[in-house]
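All remarks here apply to the structure that follows.
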Amino acid sequence: AALFHTLITQSGHSLSLTSLHLLPIVQHDELIFVPAKDVHVGDLLRVMTTVGHMIDSPVIEVKMEIKEGFYAPLTMDGE
């Protein structure tokens, strides 16, 4: 079991990721990659709609949950 950060967006998307899993957020009209533990309510995630379009949707909730699953073993410097 591992600690997962579950991110829920305004568009209804939900992601469960380990603390160091990198994902792109939109900041100042650019995509930057941050670990899941540093994503906060209000951050913009780029998500895909059901018709295949990419949109930017704000995070409306962040939950921390203990779950079974894979984890991201890499650190920010790639080790």
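Note: hydrogens, waters and symmetry copies are ignored here, and every other heavy atom, side chains too, is used.
Not counting sequence neighbours, the partners of H53 by the side-chain contact (heavy atoms from CB on, under 4.5 Å) test are T49, V51. Evaluation of the side-chain contact (heavy atoms from CB on, under 4.5 Å) rule for M64 yields L3, H5 as partners, not counting sequence neighbours. Residues satisfying the side chain to side chain donor-acceptor pair (under 3.5 Å) test with S16, not counting sequence neighbours, are T6, K67.
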Side-chain atoms of residues 55-62: list all donor-acceptor pairs with protein atoms under 3.5 Å, sequence neighbours left out, distances to 0.1 Å.
from: D56; atom 1: OD1; to: R46; atom 2: NE; distance (Å): 2.8
from: D56; atom 1: OD1; to: R46; atom 2: NH2; distance (Å): 3.2
from: D56; atom 1: OD2; to: R46; atom 2: NH2; distance (Å): 3.3
from: S57; atom 1: OG; to: Q10; atom 2: N; distance (Å): 3.4
from: S57; atom 1: OG; to: S11; atom 2: N; distance (Å): 3.0
from: S57; atom 1: OG; to: S11; atom 2: OG; distance (Å): 3.2

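By the criterion of side-chain heavy atoms lying less than 4.5 angstrom apart, applied directly or through intervening Ile, Leu, Val, Met, Phe, Trp or Tyr residues, V34 is not grouped with I8; the two fall into different hydrophobic clusters. A continuous path of ILVMFWY side-chain contacts below 4.5 Å connects I25 to V41, so both sit in one hydrophobic cluster. Under the 4.5 Å side-chain heavy-atom criterion for ILVMFWY residues, a single connected hydrophobic cluster contains both V47 and L15.
Contact detail for P24 and L45: the closest heavy-atom pair is O-CD2, 3.7 Å. Among all heavy-atom pairs drawn from H13 and M48, the shortest one is NE2-O, 2.9 Å. Closest of all the heavy-atom pairs between P35 and S19 is CB-O, 3.3 Å.
Between L23 and V39, the closest side-chain pair of non-hydrogen atoms falls below 4.5 Å.
Residue pairs satisfying the salt bridge (Lys or Arg N to Asp or Glu O under 4.0 Å) criterion with at least one member in residues 7-17, sequence neighbours excluded, are absent. Within the structure, salt bridge (Lys or Arg N to Asp or Glu O under 4.0 Å) contacts touching residues 15-44 (residues at least two apart or in different chains) do not occur.
The CD atom of Q27 sits 13.0 Å away from atom CZ of F33, with the distance rounded to the nearest 0.5 Å. Here NZ of K63 is found 14.0 Å from CZ of F4. Values are rounded to the nearest 0.5 Å.
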